[in-house]
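Following: one structure in structure tokens, then a few remarks.
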Amino acid sequence: MSISSQEICILPNKNNLALLQTNGMPGNLYNICSNLPATPTRLERLLRDRELRKYSKCLNDCEAELPSSTQDCFSPDLETSTCWFNDEELLEPVSASRSLNDDGERLDFRASKQRLLVVANRLPVSAVRHGEDSWQLEMSVGGLVTALLGVKEFDTRWIGWAGVNVPDEIGQKALAKALDEKLMQRCIPVFLDEEVVHQYYNGYCNNILWPLFHYIGLPQEDRLATTRSFQSQFDAYKKANQLFADVVNEHYEEGDVVWCHDYHLMFLPKCLKERNSKMKVGWFLHTPFPSSEIHRMLPSRLELLRSVLAADLVGFHTYDYARHFVSACTRILGLEGTPEGVEDQGKLTRIAAFPVGIDSERFIKALELPEVQDHMKVLKQRFAGRKVMLGVDRLDMIKGIPQKILAFEKFLEENPNWCNKVVLLQIAVPTRTDVPEYQKLTSQVHEIVGRINGRFGSLTAVPIHHLDRSLDFHELCALYAVTDVALVTSLRDGMNLVSYEYVACQESKKGVLILSEFAGAAQSLGAGAILVNPWNVTEVASSIGYALNMPADEREKRHHHNFKHVISHTAQEWAATFVSELNVTIVEAQLRTRQIPPPLPIEVAVDRYSCSNNRLLILGFNATLTEPVDTLGRKDSQINEWEPKLRPDLQEPLRKLCDDPKTTVLILSGSARNVLDDNFSDYNLWLAAENGMFLRVTTGDWMTTMPENLSMEWVDSVKNVFEYFTDRTPRSQFEVRETSLIWNYKYSDVEFGRLQARDLLQHLWTGPISNASLDVVQGRRSVEVRSVAVTKGAAIDRILGEIVHNKGMKEPIDYVLCIGHFLTKDEDIYTFFEPELPSEVPASVRPQVPTQVRTSTAGSRAALLLKRNSMSAVEQNKSYSIDGDTLHLMVTDRISFQEGSSVLDLQANDYFSCSVARKRSNSRYRLQSSDEVVTLLRELADHR
């Protein structure tokens with residue numbers, strides 16, 4: 001089958017891969033076609049999606065009012081934009097639009113709405129049981145409910161706990177039926193038994209996660225006695241999340257978007273992805289996310305972070321919360337934080353801020369209702385001649401109600417002339433009334449209010465009106481509208497939408513908003529509000545005076561800024577933006593996946609191995625054959641890493657492979673000679689230390705493969721720099737090897753280590769290595785300085801020649817397996833054995849091979865040792881024996897060029913290069929971890 005260059009470039013990438021693989025090129029071919037048109041950027045996709053949403057909304061609003069002949073005039077030419085948006089054949093239809101068919105007729109190709117599965121702890125309904133099989137349902141009103149029910153672009157389904165214990169099957173079926181009938185299958189219940197609810201909801205969620213996320217800290221041991229232990233609560237938490245996942249999986253259809261909400265369901269993304277890795281999963285937190293120093297106190301910190309990272313998109317209200325989450329992943333999990341999110345072995349979880357809003361139109365229209373106007377009239381008469389200040393909060397420890405009232409008292413003390421001219425209306429909605437801490441808070445607030453009213457009040461008026469109850473929607477809107485100053489003093493709040501609601505109802509009066517800087521809303525409304533620190537009572541009191549005396553023109557400017565934000569950043573826009581970002585994130589992940597080597601087909605690799613007669617296995621050591629270590633230095637992992645050990649479960653399969661006369665095993669590592677000696681002296685194999693610069697068969701002496709003119713004069717000056725930065729960076733270390741120096745800051749503080757590494761590089765580039773022929777190799781958390789010629793790929797030709805000569809190898813090598821967790825600099829070894837592409841594939845689309853490494857030809861004898869002409873006579877005819885620190889010159893009979901040229905007879909499907917725990921690699925395939933290396937070597941050992 002022949003393929004022209006034109007055909008390759010016009011076909012999508014998936015077809016390129018399939019066609020090229022039929023020509024004997026398996027594995028990683030992500031650089032095949034460079035002539036494909038550039039795909040849109042993330043910003044371009046999101047802007048296009050935003051425009052399509054606007055157009056869709058306009059179309060829905062206007063279409064019913066226009067005659068059919070006029071509707072066509074409002075349809076933009078989306079033929080071009082559809083092609084623009086459908087890059088890589090990965091994006092689904094996004095929005096409603098119209099276009100022309102092949103006959104020129106106008107067609108409505110409005111795509112069916114994308115299904116959105118909203119998974120939250122509670123359903124948006126309250127259920128009350130009447131009898132055995134009868135239920136009364138009432139819709140709840142809340143920010144999340146309002147946000148998602150107002151989004152018309154999606155076919156939304158709710159999955160959550162009904163808030164009641166339904167132990168019997170009859171009651172469960174009756175409730176599900178009632179939900180289906182009243183809400184048209186929009187709500188799907190999750191049934192939790194009483195014990196799970198007690199430990200999951202009352203225990204882990206409310207007593208551990210919620211306080212910690214609001215900087216209150218973990219409960220003390222005496223409190224734990226009433227709610228069981230951390231572990232039992234966490235087990236119940238995981239069990240509940242799995243029950244949610246089971247319901248999601250039961251109702252999931254391909255293409256659905258699953259949106260998980262809040263700290264109750266942090267384990268859910270992992271449960272969903274384990275069942276279906278292609279599921280589109282987003283997770284959003286409605287509370288603050290604490291700094292890493294707070295989060296690290298949580299016993300289950302690692303599991304929760306990794307579970308959330310299983311989602312494709314993780315959202316927070318503010319950039320601060322997102323930054324804290326990334327910092328926690330970096331410091332606690334040891335992962336890499338990027339501007340886009342958190343990366344773990346090539347898998348990127350996007351982290352972003354999505355400030356929620358309100359349904360502002362609902363509040364604005366409510367002010368025109370007669371019942372609201374009547375309430376406003378009553379309130380204006382009741383407080384005539386006095387300025388009205390308002391606080392609306394849950395009676396909760398984080399809302400700062402005592403601080404607010406004390407600040408008001410301070411204001412009255414300092415401004416006695418205002419005593420009969422201002423009133424504070426405090427609405428405190430009771431919550432968790434059965435919890436002792438909340439009962440204590442209620443008593444404290446009542447005591448402060450009584451003292452202030454007794455001190456500054458009179459027989460006819462009191463300065464504070466305190467209500468321990470909620471208000472209905474109409475009463476609340478009226479109260480917002482007549483208020484002069486709203487006072488929000490949250491000590492820690494995810495967002496606080498009371499401030500948004502107040503602004504939406506103030507278009508007429510243009511009141512002033514005093515807002516705590518610890519509320520998430522401060523980052524959105526901070527320019528128009530007066531920001532305060534609620535713990536600073538004096539500052540809040542001063543701000544109250546400033547707000548009451550603020551000139552009208554300043555009030556109008558501040559209100560205009562906030563009002564514009566509130567009406568444009570609505571709850572509906574928030575939800576649509578999040579889902580749009582999630583869809584785009586999935587597309588980018590699919591595009592990025594094409595650049596990741598596929599998993600190694602172990603069965604194929606083993607089958608080709610068993611059919612070959614002369615095999616070469618090249619194995620890395622660190623992170624390939626060693627025990628996994630904790631990247632954060634716990635459990636003595638730092639000490640263990642200084643002395644890496646061969647995994648015990650690899651000893652038996654490795655020995656079988658080494659004893660097979662048809663198999664040659666080469667351990668190729670950057671480690672020093674003594675490390676390899678300690679681990680492999682008892683095996684019949686070859687050792688190549690320090691990136692192949694030193695070589696020996698375990699039955700012989702060490703020799704060097706270094707070029708004769710390799711200079712090491714730079715070592716002392718670089719060593720001085722490394723010593724200096726090791727002293728300045730706690731838990732860092734450096735290692736002096738015979739051909740390189742390595743500074744490792746893997747166990748240091750992540751951010752400090754990164755800063756120190758940047759400083760170290762500047763010192764090197766401007767000092768010791770400025771004019772030297774050296775390479776600076778930056779690892780994930782290391783800096784290595786080595787000579788330019790020191791790479792695994794540059795050494796492999798000389799290593800292979802020595803192996804062939806030593807073994808007297810006559811039969812050509814017909815199978816090569818190369819596995820390792822190599823640095824990018826050393827991945828030239830993968831391309832060394834890479835066969836050339838078939839001749840019908842144009843050179844312009846062939847994978848690039850480093851110039852210092854020659855490739856073999858598929859189906860023909862190798863051109864091995866063609867670099868021989870660049871080797872000195874000493875290299876060609878002599879080798880070196882090393883005893884301790886002494887280098888002894890030994891004359892050997894090197895193989896001739898004619899012998900070396902017949903070493904390889906390698907077909908394309910007999911070569912397997914494989915990276916371990918690296919998704920961005922030049923290898924053909926990948927293995928997830930050293931555990932998969934164990935599985936592979938065991939299979940090979942059993943098929944000798």
Answer yes or no: is there a side-chain heavy-atom contact under 4.5 Å between [X] and [Y]?
| X | Y | value |
| --- | --- | --- |
| D814 | Q907 | no |
| S787 | T739 | no |
| L817 | L616 | no |
| K719 | V736 | yes |
| T664 | L617 | no |
| D235 | K238 | yes |
| L335 | E343 | no |
| D701 | R696 | no |

Exercise for review: Could you go through the salt bridge (charged side-chain N to carboxylate O under 4.0 Å, His left out) check for D775 and R786 one step at a time?
Suggested key: CA-CA 5 Å; D775 273 334; R786 60 167 83 156; over 6 Å; no
**Study point:** Cationic tip of R655 above Y683 ring, under 6.0 Å, 45° of axis
**Key:**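 Because its charged atom sits under 6.0 Å from the ring centre and within 45° of the axis, R655 does stack over Y683.
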Review point. Any cation-pi pair here, R731 with Y745, using under 6.0 Å and within 45°?
Key: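 No; the conditions do not both hold, so R731 does not lie above the ring face of Y745.
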Quick check against the 3.5 Å criterion: does [X] have a side-chain atom that pairs as donor or acceptor with the backbone of [Y]?
| X | Y | result |
| --- | --- | --- |
| E690 | E738 | yes |
| S732 | W743 | no |
| T729 | T726 | no |
| H805 | G801 | no |
| T626 | R647 | no |
| S292 | A328 | no |
| N614 | E811 | yes |
| T338 | G341 | yes |
| R926 | C914 | no |
| E827 | N922 | yes |

Calculate, to the nearest 0.5 Å, the distance between atoms [atom1] and [atom2] belonging to [X] and [Y] respectively.
| X | Y | atom1 | atom2 | result |
| --- | --- | --- | --- | --- |
| S782 | N744 | OG | CG | 5.5 Å |
| E303 | R306 | CD | CZ | 10.5 Å |
| I829 | D826 | CD1 | CG | 8.5 Å |
| L685 | D682 | CG | CG | 10.0 Å |
| L625 | L650 | CG | CG | 5.5 Å |
| S671 | F694 | OG | CZ | 13.5 Å |

Shortest non-hydrogen contact from [X] toward [Y]:
| X | Y | result |
| --- | --- | --- |
| I813 | M809 | CG1-SD, 3.8 Å |
| A672 | E735 | CB-OE2, 4.3 Å |
| V916 | S930 | CG1-N, 4.0 Å |
| E939 | H943 | O-ND1, 2.8 Å |
| V675 | N679 | O-ND2, 2.8 Å |
| D828 | G793 | OD1-N, 2.8 Å |

Tell me whether the rings of [X] and [Y] are parallel (<30°), tilted (30 to 60°) or perpendicular (>60°).
| X | Y | value |
| --- | --- | --- |
| F822 | Y830 | tilted |
| Y204 | Y237 | tilted |
| F833 | Y911 | tilted |
| W283 | F325 | tilted |
| F722 | F734 | perpendicular |

Practice item. State which residue, out of R350, K273, K347, fulfils the salt bridge (Lys or Arg N to Asp or Glu O under 4.0 Å) condition with D312. Key: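 Single salt bridge (Lys or Arg N to Asp or Glu O under 4.0 Å) partner of D312 among R350, K273, K347: K273.
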Review point. What do you reckon, is CD of Q242 surrounded by more than 12 foreign heavy atoms closer than 6.0 Å?
Key: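 It does: Q242 CD has more than 12 such atoms within range.
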Practice item. Step through the shown structure and confirm whether more than 12 heavy atoms of other residues, nucleotides or ligands are within 6.0 Å of OH on Y724. Key: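 No.
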Exercise for review: Take E652 and K656, measure what salt bridge (charged side-chain N to carboxylate O under 4.0 Å, His left out) needs, and give me the verdict at the end.
Suggested key: CA-CA 6 Å; E652 181 181 353; K656 289 182 179 180; 3.6 Å; yes
Practice item. Begin from the C-alpha positions of Y609 and T663 and carry the test side chain to side chain donor-acceptor pair (under 3.5 Å) through to its verdict. Key: CA-CA 10 Å; Y609 175 86; T663 303; 2.9 Å; yes
Review point. Would D678 and K645 count as a salt bridge (charged side-chain N to carboxylate O under 4.0 Å, His left out) if you check the C-alpha gap in whole Å, the side-chain angles of each, and the deciding distance to 0.1 Å?
Key: CA-CA 9 Å; D678 292 342; K645 299 294 183 183; 5.6 Å; no
Review point. Step by step, would you call L936 with F912 a side chain to side chain contact (heavy atoms under 4.5 Å, CB included)?
Key: CA-CA 12 Å; L936 172 62; F912 298 86; over 6 Å; no
Practice item. Please test R781 against E336 for side chain to side chain contact (heavy atoms under 4.5 Å, CB included), starting from the C-alpha separation and ending with a verdict. Key: CA-CA 10 Å; R781 289 182 191 166; E336 285 295 321; 3.9 Å; yes
Practice item. Verify whether one side chain among R938 and T935 offers a donor that lies under 3.5 Å from an acceptor in the other. Key: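 Side-chain D/A pair, R938 to T935: absent.
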Exercise for review: Consider only side-chain N and O atoms of S923 and S913, and report whether a donor and an acceptor are under 3.5 Å apart.
Suggested key: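 Side-chain D/A pair, S923 to S913: absent.
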Practice item. In sequence, state the C-alpha distance, the side-chain angles, and the governing distance for L654 and L619, and then conclude on side chain to side chain contact (heavy atoms under 4.5 Å, CB included). Key: CA-CA 11 Å; L654 184 60; L619 307 176; 4.2 Å; yes
Practice item. Give the intermediate values and the outcome of side chain to side chain contact (heavy atoms under 4.5 Å, CB included) for residues K792 and K825. Key: CA-CA 9 Å; K792 292 179 172 68; K825 176 73 176 177; over 6 Å; no
Point to revise | L666 and its side-chain contact (heavy atoms from CB on, under 4.5 Å) partner, picked from V697, L687, I796 | key: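 Testing each of V697, L687, I796 against L666, the sole residue satisfying side-chain contact (heavy atoms from CB on, under 4.5 Å) is I796.
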Check your understanding: Between R737 and S740, does a side chain to side chain donor-acceptor pair (under 3.5 Å) hold up when you go through it step by step?
Key -> CA-CA 5 Å; R737 297 176 181 172; S740 64; 4.7 Å; no
**Study point:** side chain to side chain contact (heavy atoms under 4.5 Å, CB included) partners for E603, two or more places apart
**Key:**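 E603 satisfies side chain to side chain contact (heavy atoms under 4.5 Å, CB included) with no other residue.
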